[in-house]
Protein chains: 2
Amino acid sequence: MRRRPTMKDIARRAGVSESAVSFALNDRPGVSAATRARVRRVADQLGWQPSTAARALSGEGAATVGLVLARPARTLGVESFFLQLVSGVQEALAARRLGLLFQVVEDVDAECAVHRRWWAEHRVDGLLVVDPREDDPRPALLAELGLPAVIIGAPGARPVPAGTPVSRLWADDAGAMASVVDHLHGLGHRRVVHIAGLPGLAHTRRRIDSLRTEAGRRHLTDVTSLPTDYSDAQGAEATRRVLASARPPTAIVYDNDVMAVAGLAVAAERGVSVPGDLSIVAWDDSVLCRTTHPPLTALTRDTAAFGRQAATHLTALLDGAPATDLRAALPRLTPRASTGPARGATPAAR
Amino acid sequence: MRRRPTMKDIARRAGVSESAVSFALNDRPGVSAATRARVRRVADQLGWQPSTAARALSGEGAATVGLVLARPARTLGVESFFLQLVSGVQEALAARRLGLLFQVVEDVDAECAVHRRWWAEHRVDGLLVVDPREDDPRPALLAELGLPAVIIGAPGARPVPAGTPVSRLWADDAGAMASVVDHLHGLGHRRVVHIAGLPGLAHTRRRIDSLRTEAGRRHLTDVTSLPTDYSDAQGAEATRRVLASARPPTAIVYDNDVMAVAGLAVAAERGVSVPGDLSIVAWDDSVLCRTTHPPLTALTRDTAAFGRQAATHLTALLDGAPATDLRAALPRLTPRASTGPARGATPAAR
DNA sequence: TGACCGCACTCAAGCGCTTCAGTGGGAGGC
DNA sequence: GCCTCCCACTGAAGCGCTTGAGTGCGGTCA
């Protein structure tokens with residue numbers, strides 16, 4: 001059990017005052033090059049690192065950003081999305097020696113409570129916010145607390161009050177949905193079901209709306225969206241229901257990889273051939289989509305890069321950059337064997 | 001942007017000194033019941049929360065525990081294991097208002113550097129350590145730093161130096177492996193391949209060893225373990241190799257769910273019927289195992305409970321409890337359709 | 001009635017760092 | 001040769017909290 005070295009130790013060994021040490025180590029003017037070098041050497045030698053607690057207390061911020069995941073435990077731990085996102089976030093934060101404070105809670109209210117607590121406890125300098133909702137209390141809260149933040153997957157319905165350091169990273173769901181509809185329409189599909197995610201989330205609404213828009217543009221009137229909770233159970237359930245209906249769809253679009261795989265299993269169990277009788281598209285690519293049989297056509301996006309972009313922008317906000325809306329790269333459709341020509345259709349000209 | 005209320009504010013409003021406030025809010029003797037109540041009321045009213053920075057600085061600890069994941073990014077974000085674990089950890093920590101500082105790095109050396117830095121920066125009071133290795137530098141480091149920790153999945157080869165506040169939470173891989181071998185042997189399998197995880201990890205070694213022991217006990221001499229990096233790619237690769245060998249196994253045990261699914265896909269692609277020609281067992285159950293076709297026989301364990309147990313014990317260590325070795329619940333085998341009688345074998349008496 | 005005690009509370013120092021107001025001395029200007 | 005200015009550095013306060021050493025006061029006991 002070693003004692004942690006402090007600036008006082010460095011000051012003593014280098015024969016200067018504490019303030020000189022502070023100046024030297026923080027690249028501030030006021031010390032000669034020689035002294036600076038000497039202080040640095042001693043600090044290295046002692047293995048000194050600034051105490052974040054002390055830094056935070058003297059107004060420098062906590063060197064930490066927070067991320068809260070508000071999802072019931074049961075829908076957690078399956079999707080590749082979050083760990084990928086976090087791993088990208090880390091990369092950007094580690095470069096700035098920022099820590100990531102992480103918490104999983106049950107719902108948005110609990111998330112707000114955590115944000116409030118972190119703020120009051122002086123724990124974080126900024127926040128990454130995921131899963132924006134249609135009726136989202138968080139932007140207002142962030143504005144009240146004045147905490148810099150990046151909302152990932154925004155814009156939601158609720159705009160961010162002006163003048164607050166809150167940026168939004170926007171995934172182009174409409175564009176992505178257009179590419180999916182293009183693909184399916186080109187293969188001759190006319191009856192499409194969209195098995196969507198949690199109904200309260202902003203991107204669920206956006207996907208549902210753009211499906212309707214894109215379908216209308218191509219004169220497909222027979223499209224439906226069914227919300228779920230993203231779990232394999234509900235994905236399977238919904239699939240079973242639509243396949244048993246009077247006029248089952250010839251293609252299904254799933255809002256995540258897990259449900260798509262579950263849907264594929266349901267098709268297999270009912271003797272529905274994929275892609276012969278039914279085409280399947282998954283939103284978000286992952287190992288899952290590649291290892292099923294047949295492998296699934298999926299919307300591929302670089303989730304880690306997404307996280308990196310969000311975190312990088314957050315560090316810019318912390319440095320005082322103005323808040324903006326930014327746009328993530330458009331996901332691209334990776335066609336695999338789970339989509340094919342609609343039964344009995346002559347493929348439209350591409 | 002509100003100013004955070006401090007104890008000074010409370011003191012002023014309640015008409016007492018700051019120390020009285022501190023005593024009142026920390027349930028220490030030295031204030032009358034009336035004053036205590038008044039102070040509490042004012043604190044609530046102001047929405048006061050203690051500044052962790054200030055607390056940490058005055059010797060109270062950072063109210064945070066750390067968790068570092070040392071895995072290359074490519075093997076991340078697929079397994080259900082970690083998010084589940086973390087969600088369990090959170091539950092136990094949230095009850096004590098402890099934060100979780102989380103970081104993903106590339107390898108153990110980087111992990112050690114992070115531990116050192118967190119210690120020097122005063123950021124964490126304790127650590128959760130995962131993926132113990134055969135030749136693990138971390139126990140010695142923890143001892144040097146004197147940081148309380150729980151090593152999850154231990155014991156590794158390297159014991160923890162005595163007198164350090166480091167406990168080990170032990171998963172009974174031998175017992176689990178015994179149940180797997182039992183199951184397969186009972187179905188008449190005599191040639192079994194084990195597609196294992198990262199070779200450096202302690203539990204990989206333990207599983208390999210116990211497979212050998214259990215096989216020996218039942219006079220199966222034809223067992224092999226092949227290490228991989230846990231990725232679907234290597235899982236598929238290894239499967240391809242063993243299926244193409246002169247005497248392919250009749251059963252394969254995979255060290256995680258992802259590789260098992262990948263292996264199943266390889267079997268399908270080569271026209272090997274499961275479970276007709278090949279039985280498959282996955283170590284760690286998840287949605288994946290339930291949604292494949294056929295669903296996979298898997299070793300089910302309550303990963304969230306595992307995390308909860310680890311975190312709960314860590315809080316005990318922080319409270320000064322002595323370090324011990326504890327044992328997690330034995331995983332149980334969930335038989336599904338991916339395992340069946342070995343081709344041409346008369347099942348042994350069960 | 002005075003010595004003593006314990007209770008309820010205040011004071012001030014200190015945790016490790018930043019920062020602002022000095023301070024001393026050497027260089028430069030006239 | 002003296003005044004000024006600037007550079008390199010020091011001193012001390014302060015961030016919000018804990019804590020051990022006081023302080024004053026009402027009550028008990030001889």
Side-chain angles (χ1 to χ4, degrees), chain A residues 2-40 42-43 46-64 97 117-125, chain B residues 2-40 42-43 46-64 97 117-125:
Chain A
R2 277 164 43 195
R3 199 177 69 79
R4 296 166 176 83
T6 72
M7 289 198 356
K8 197 180 278 175
D9 300 323
I10 303 179
R12 195 168 20 231
R13 303 254 302 228
V16 291
S17 72
E18 272 189 72
S19 356
V21 172
S22 175
F23 291 146
L25 294 173
N26 290 313
D27 280 327
R28 281 162 186 279
V31 279
S32 64
T35 307
R36 195 182 298 274
R38 184 156 39 93
V39 168
R40 284 245 179 79
V42 174
L46 259 46
W48 177 86
Q49 300 279 72
S51 146
T52 39
R55 274 239 164 104
L57 201 51
S58 35
E60 287 295 277
T64 306
R97 325 195 86 203
R117 187 155 62 77
W118 282 354
W119 170 81
E121 289 179 348
H122 250 263
R123 263 181 191 275
V124 296
D125 301 331
Chain B
R2 278 165 42 196
R3 201 177 68 78
R4 295 167 177 82
T6 70
M7 288 195 2
K8 197 181 278 176
D9 300 324
I10 302 178
R12 194 169 22 232
R13 305 253 304 228
V16 291
S17 72
E18 273 189 70
S19 351
V21 173
S22 175
F23 291 145
L25 295 174
N26 290 313
D27 280 329
R28 281 161 187 277
V31 280
S32 65
T35 309
R36 194 182 299 273
R38 184 156 38 93
V39 168
R40 283 244 180 79
V42 173
L46 259 45
W48 177 87
Q49 300 278 75
S51 146
T52 38
R55 273 239 163 107
L57 201 52
S58 34
E60 287 295 277
T64 306
R97 325 196 85 203
R117 186 155 62 77
W118 281 353
W119 170 80
E121 289 180 348
H122 250 266
R123 263 183 190 275
V124 296
D125 300 331

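All values below come from the heavy atoms of this structure, side chains included, with hydrogens, waters and symmetry mates left out. Proteins come first, then strands; the chains are lettered A, B, ... in the order of their sequence lines, and each starts at number 1.
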Heavy-atom side-chain proximity of Q49(A) to R97(A) below 4.5 angstrom
yes

Rounded to 10°, tell me the angle between the two end axes of the helix from dT1(C)-dA30(D) to dC30(C)-dG1(D), each built from five pairs.
60°

Does the T52(A) side chain pair with the main chain of A62(A), one donor and one acceptor, at a distance under 3.5 Å?
no

Hey, are the side chains of R4(B) and S51(B) touching, using non-hydrogen atoms and a 4.5 Å cut-off?
no

Scan T6(A) against the nucleic acid and name what it touches under 4.0 Å (heavy atoms): base, sugar-phosphate only, or nothing.
sugar-phosphate

Can you sort out the partners of S19(B) under side-chain hydrogen bond (donor to acceptor under 3.5 Å, both in side chains), two or more places apart, ordered by chain and number?
none

Heavy-atom closest contact (L57(A) atom, A54(B) atom, distance)
CD1-CB, 3.8 Å

Would you indicate whether the side-chain heavy atoms of S22(A) and N26(A) approach each other to under 4.5 Å?
yes

Checking all strands, does P29(B) fall into the base, sugar-phosphate, or nothing category for heavy-atom contacts under 4.0 angstrom?
nothing

Mind listing the closest non-hydrogen atom pair of A120(A) and G47(B) along with its distance?
CB-O, 4.5 Å

Could you check K8(A) against R28(A) and say which one's nearest nucleotide on DNA chain C is further toward the 5' end?
K8(A)

Do the non-hydrogen side-chain atoms of R36(B) and D27(B) ever get within less than 4.5 Å of each other?
yes

Would the distance check show the side chain of D125(B) and the main-chain N or O of A63(B) forming a donor-acceptor pair, the cut-off being under 3.5 Å?
yes

What pair of heavy atoms forms the shortest contact from V42(B) to A14(B), and how long is it?
CG2-CB, 4.3 Å

Base contacts versus sugar-phosphate-only contacts with protein, heavy atoms under 4.0 Å: please encode nucleotides 4-13 of chain D as B, S and - from 5' to 3'.
----SBBBB-

Return the residues of residues 55-64 of chain A meeting this criterion: a heavy atom under 4.0 Å from some atom of DNA chain D. Order them by number, or give none.
L57(A), S58(A)

Can you confirm whether L25(A) sits close enough to I10(A) that some side-chain heavy atom of one is under 4.5 Å from a side-chain heavy atom of the other?
yes

Where chain A begins and ends its contact with DNA chain C, read 5' to 3' at 4.0 Å from heavy atoms:
dG16(C) to dC20(C)

Give every residue pair that meets the salt bridge (Lys or Arg N to Asp or Glu O under 4.0 Å) criterion with at least one member in residues 8-24 of chain A, sequence neighbours excluded.
R3(A)-D9(A), D9(A)-R12(A)

Quiz question: by atom type and distance under 3.5 Å, do the side chains of R123(A) and T64(B) form a donor-acceptor pair?
yes

Would you classify S51(A) as touching base, sugar-phosphate or nothing, given that sugar-phosphate means primed atoms plus P, OP1 and OP2, and contacts are heavy atoms under 4.0 Å?
sugar-phosphate

